[in-house]
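Remarks on the structure that follows.
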Amino acid sequence: MRKKPRFHSLKKLKVRQDWSRWSLYSISQLRPPNVTTKTYFQQKWTAKSDTRAYHGEQIREKKWKRLFRRNLPAVVPMDHRYLARFDGSEQAAGRGAGADSNDKTRTPPQTPYMQMTYYPIERRLDSAIFRALFASSVRQARQFVVHGLVRVNGKKMPYPGYMLNPGDMFQVEPSSVMFATGAQKSRSSTARKVAKEKAAERAQAREGNPAPAHNPSQKAEPIATREEPTPKELKEHMQSLMVDVEHVLNEDVGAKDKQKFRAFRQTVRKAVSLWSKATPDTVSTLDTQFTFLKDALNARRAAQTSAPAEEEATPMMSPEDQKKLKDAFEKLKLEHENTSAWNKRDASAPYATPWRPRDYMAAFAFIPRYLEVNQNICAAVYLRHPVARPGLSEVPTPFHVETGQLAFNWYLRRR
Amino acid sequence: MPPRLRSPNFSSVSSCPSVRPQSIAQPARAARDFSQSSCRQVTQRRRKFYEWLNGPGRALKQPLPGSTNYLGAYDKFGNLVRGGTMPEKAPEKPKEGEAAAKEGAEGESAPVVEGQESADELDAALRQHEKEEQATKKDDENKLPPETAEDLRPFPLNKFFRSQPVLSEELREAIYQFVVKEGKTVPLASITFGVSNERVGAVVRLKQMEKQWIAQGKTLAMPYSKAVLEMVPTTPYIDTSLPKNAGKRPVVHEPINDLIVHPATRQQLFVPVAESRHFTREDAGKAFDNNLLPADERIPHPELVKVVRDEIAGYSNEERRALAQERYREAAEKKKAAEDAKRKEELETRRTVPQRRWDFVFQDVSVEDAGRDGRSHKGVGWRYGLPHEDRKKGQVKIPTKVEA
């Protein structure tokens, strides 16, 4: 039997539907078709072979031929103000109606119908998953489907050839998406050996002296605090806290620079430690810290209103401030979750941790308009079939217009 | 007859016509003595590949911070075209009328005679917004200028494809709040945000699911989401209720009045018409197909056309609003009546007998459904001479639809 040709061959450069460096290289080496020295049949053949290596390479030719449609969908974006103003008769008016000018109106750009030759393939589930950036190649998307990691409208769909209908929602397992789009893990035996040795050392150290050093310092802290904070102190602390709240609200979750989050945590801890009621057990988590702070402040305010003789000038938390504080706490929680869930090193994850996008992903990252994707839950909705519009075709194809035309003509079967 | 195996002792270049003349002549190596292929070419190709990868392709390996990073943004030598020493062009004339998808409330811009919105102008408006934003933020001097149309081409050879912006997270949240929390209708959301009807529905559906996930405590793919939204162009959300965005208009995401090219209109027609006749769009539609509706009724937002017509007719703002509400009410009533009629008909033709585990449903069928030759797929039951074909080779058993 003849040897199967290489998938990525440098001898015969073919663009494939994946995010590899070979694909990128072949896209950069693509040229418009050679129409001078080849016969029409040869031109069509090359165009067909090149485009089919990209579009639906996993589908048999016969199957694709049955999918092929010669009617290509298109839309024209209309201007409702024009439609309201004119009834179209001005286009039919001739010189008799007084239309007598030689200046030409601007022609709208060409509608690239034949760049849409392969639009039925974009309807397939595996292609749609690839286009939604949930897999790094169509073959991988196909594998996800076959392995049962994909749901359509909430039901498992194991057929990669399922033709999506407008309005269908498909979702892929987020862990698989992270694996497909994340940088690959570099596996070296030495790294593994080093990690193992270090872990063994740590275990040995722990057994040697079971760390008693931490307890006394923890005990010492609550003793140092007084019964109740003075209003002045409280005011100062609240001011610094609000400054940090502002900082945190401006910061992005998952940002590289975590100083502001850290500073906020510090001030919160300080503010909590002002009160003697706060023991490390009661205010260990962020939620409890927040409720504790709120309750303490409210109690304080209630006390003040009951005794108006005391100075009224101490600014307690206004409702807006309280809302801001709550937002900041929520953000902090999210950030904490984010770091603990995604940014930790995890040897069991099938991708490099902390997660980062794989190499050359940015060069292929685009989402066509016929899909609406929510990346957070790794789900997307197939809105409608791809269409051509003036100057724009929605089927992503790396080939020249003429190549598309030649390929379309090949499948018209009049060769 | 020539020898089947070429002797390596032959002079390498002259005897081998497949060797390109530009390849450097090397002495044949002993280890490759039996190889028929010329290893030089293979290595040359590979060398070129790695040269490209380490030269022009190097910039594409990692995403550019705060920008897209497509092949079309670079020249042949791997230099970022817009990052270079391009002189700042003269200030572009402000694009007007494109971001004005508001319900006919604002003044009229220059009349568009072709009657089409162009997607280029929408994108240009978006870039204009980015530029303005950057002009206000002067502190980032080393930041890249916003992308031009060429920079958004992942495939440089295909001039008809470019990476189009997606909705930003804030815009999605705003749409969700608008539809679900404020209870506004989908068409209104579509007009307000400049997003097509289907997309509004999809955004709401996906957002709802996301909220569900958060409520259930599932972990979201946050780093992935952040990375992707950094890599693709996004449509920002401009909250016009904020004081700092007082004079701004929301950025239109996509054209919302797409007219589908009807198959009947694909042919060319030659219809002679008297010049004295008032030949309108509707007449032209009739010439193609008797059932073809005019464009102002086939677009997704026919109500916009009516609002502008009222404006031209000289109604005041209140009157226009009242008329629009009246139309909306009428349409809703009509829809409800149609639904009721359908339900009633279903009740009349279907009879359900509830049982212990399943319900029996009886439905009226007609013999005529099978068609004149008795072979129509609408016919019910097994018919003589019409075998089931589901066990035949090549019958597709993949489901064609999944109920939502």
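Proteins get letters first, then strands, A, B, ... in listed order; numbering begins at 1 in each.
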* Asked: Picking from B:E169, B:E210, B:Q62, which has the most non-hydrogen pairs under 4.5 angstrom with chain A?
  -> B:E210
* May I ask you to name which of B:N158, B:L60, B:V232 has the most heavy-atom pairs under 4.5 Å with chain A? => B:N158
* To do: Could you tell me which portion of A:F170 (side chain, backbone, both or neither) has an atom closer than 4.5 angstrom to a non-hydrogen atom of chain B?
  => neither
* Asked: Side chain, backbone, both or neither: which part of A:Y25 has a heavy atom under 4.5 Å from chain B?
  -> both
* By a 4.5 Å heavy-atom criterion (distance strictly below it), what part of A:L371 contacts chain B: side chain, backbone, both, or neither? -> backbone
* Residue A:M169 versus chain B: region with a heavy atom under 4.5 Å -> both
* **Side chain / backbone / both / neither for A:Q115 at chain B, heavy atoms under 4.5 Å** => side chain
* Asked: What residue in B:M231, B:H301, B:K159 has the most heavy-atom pairs under 4.5 Å with chain A?
  -> B:M231
* Asked: Looking at B:L64, B:L206, B:T280, B:I312, which makes the most heavy-atom pairs under 4.5 Å with chain A?
  -> B:L206
* Per-residue contact mode, A:L72 against chain B (heavy atom under 4.5 angstrom) -> backbone
* Heavy-atom pairs under 4.5 Å with chain A, option from B:E198, B:K218, B:K306 with the top count -> B:E198
* Structure fact -> chain A shares the most heavy-atom pairs under 4.5 Å, among B:I299, B:L53, B:L152, B:L167, with B:L53
